[in-house]
Amino acid sequence: MLNYDKNIIYDKNLKLVINGTINLMSKSAFVNGDIPFLDFDKVLANSIKTNSINRFVPSSFTAARTERYLIYKENILNALSNLFNNETKKEDIIIIGFNINYRIKEIFEKSDFNISYKYSSHRFLKDILFVLNKKDLPRIYKKDLNKDEVKKHKLNDISDELKLYSSVLELNKHSELKLDWINAGYEEDLNNEPKIQVALLFTWLLLWRKDRRIVQIKISDPSLEQGIESDFKKISPF
């Protein structure tokens, strides 16, 4: 992903919002013999990465595609070769593979293609390639958080570049926030033991160029009967 460029014309129909999160943790996890729990931020960040970033960002590639093909694994190298000719600037093209299994990776290892392998927690994204010009990669616009939200959750600005905010609050000392959790159905949980509200908040917009070419290739095995193979000879080069 690339940084936001105001000079680009973006597709208004493709706008993905990625947010941070607020969660509850047991107070005992933070104070145990007066030793604070130092890994709470990693736990929260990993949760955001798994449930939001690794799920929704790869899915946005599917929404942004302009072409799609089903290619049997035996023909995948021929299909990719059709995307390149003598006029193609290979250094400008990127091939991203989501959840590629090891048998297909073995095929690519014997070729000259440089595949950028990525993981997605989206269960439907498996053995899928996206081929695009690097300039067509999605852009991230980092928004400022609402001032009322910053005030309410006592947020601290921990990264001005990323527009990233965080706070750790004991709910028994913040009745308004505790009431919000009670109204959300957490009253029994709150009554069982004291809770800490941990927040790692941001609002990022994932934007795609309006004028783009993104080729999606689903790699299949003929024995799996996932559909009729596309005629890869008709794929035009970049």
Side-chain angles (χ1 to χ4, degrees), residues 1-25 29-30 36-65 91-99 114-122 125 130-171 174 177 180 196-214:
M1 293 183 289
L2 303 174
N3 288 325
Y4 177 74
D5 183 344
K6 65 180 181 180
N7 296 314
I8 293 175
I9 299 176
Y10 296 99
D11 190 334
K12 295 181 179 179
N13 296 318
L14 287 175
K15 184 184 295 184
L16 174 69
V17 180
I18 304 175
N19 292 313
T21 189
I22 299 175
N23 214 336
L24 291 179
M25 297 185 73
F30 284 81
F37 176 42
L38 298 179
D39 287 334
F40 79 92
D41 52 344
K42 294 181 181 178
V43 172
L44 201 58
N46 285 332
S47 175
I48 295 171
K49 179 181 178 182
T50 300
N51 298 319
S52 293
I53 296 175
N54 283 349
R55 178 179 175 83
F56 296 120
V57 172
S59 297
S60 73
F61 276 78
T62 301
R65 72 191 176 202
E91 66 274 13
D92 293 337
I93 306 300
I94 184 170
I95 305 174
I96 302 173
F98 286 109
N99 298 344
N114 183 20
I115 314 295
S116 179
Y117 297 112
K118 303 294 182 181
Y119 167 76
S120 171
S121 55
H122 196 299
L125 280 178
F130 291 95
V131 187
L132 62 154
N133 196 297
K134 291 177 182 178
K135 68 178 178 61
D136 289 337
L137 283 166
R139 305 275 174 160
I140 293 183
Y141 178 73
K142 307 173 188 74
K143 295 184 63 177
D144 288 314
L145 289 187
N146 183 282
K147 292 182 179 179
D148 291 336
E149 187 175 20
V150 173
K151 182 179 179 180
K152 178 179 180 179
H153 296 289
K154 309 293 189 297
L155 296 170
N156 298 308
D157 184 351
I158 61 175
S159 175
D160 185 59
E161 179 185 359
L162 299 176
K163 305 294 184 183
L164 188 63
Y165 298 79
S166 178
S167 67
V168 179
L169 303 173
E170 185 178 349
L171 283 184
H174 299 275
L177 296 177
D180 286 344
I196 298 292
Q197 175 184 288
V198 293
L200 191 60
L201 294 180
F202 59 88
T203 299
W204 295 348
L205 300 182
L206 191 68
L207 306 172
W208 291 90
R209 300 174 69 104
K210 186 175 182 179
D211 180 20
R212 65 185 184 277
R213 184 188 181 194
I214 300 175

[X] to [Y] - nearest heavy-atom pair and separation:
{"X": "I214", "Y": "F130", "result": "CG2-CD2, 4.0 Å"}
{"X": "I22", "Y": "A199", "result": "CG1-CB, 3.9 Å"}
{"X": "Y141", "Y": "L207", "result": "CB-CD1, 4.2 Å"}
{"X": "L24", "Y": "L171", "result": "CD2-CD1, 3.4 Å"}
{"X": "I48", "Y": "F202", "result": "CG2-CZ, 3.8 Å"}

[X]: which residues meet the side chain to side chain donor-acceptor pair (under 3.5 Å) condition with it, sequence neighbours left out?
{"X": "N19", "result": "T203"}
{"X": "D180", "result": "K152"}
{"X": "K15", "result": "none"}

Quiz item: Does Y119 have any ring pair (Phe, Tyr, Trp, His ring centres under 6.0 Å) partners at least two apart in sequence or in another chain, and if so, which?
Solution: none
Quiz item: Sequence neighbours excluded, which residues qualify as ring pair (Phe, Tyr, Trp, His ring centres under 6.0 Å) partners of H122?
Solution: F124
Self-check item: Side-chain donor or acceptor of N99 paired with backbone N/O of S120 under 3.5 Å
Solution: yes
Quiz item: Counting N and O atoms only, with roles assigned by atom type, does the side chain of S167 sit under 3.5 Å from a partner on the main chain of H153, one being a donor and the other an acceptor?
Solution: yes
Salt bridge (Lys or Arg N to Asp or Glu O under 4.0 Å) with [X]: which residues, sequence neighbours excluded?
{"X": "D144", "answer": "K163"}
{"X": "D5", "answer": "none"}
{"X": "D11", "answer": "R212"}
{"X": "E149", "answer": "none"}

Practice problem: Step through the shown structure and confirm whether more than 12 heavy atoms of other residues, nucleotides or ligands are within 6.0 Å of CG on D211. | Solution: no
Quiz item: CD of E161: more than 12 outside heavy atoms within 6.0 angstrom?
Solution: no
Quiz item: Got a sec, which pairs hit salt bridge (charged side-chain N to carboxylate O under 4.0 Å, His left out) with one end in residues 134-143, sequence neighbours left out?
Solution: D136-R209
Self-check item: Contacts of type side chain to side chain contact (heavy atoms under 4.5 Å, CB included), residue P138, not counting sequence neighbours
Solution: M1, F61, L206, W208
Quiz item: Pairs in or reaching into residues 49-64: which pass side chain to side chain donor-acceptor pair (under 3.5 Å), with residues at least two apart or in two chains?
Solution: S47-N51
Quiz item: Under a 4.5 Å cut-off applied to non-hydrogen side-chain atoms, are S166 and N156 in contact?
Solution: no
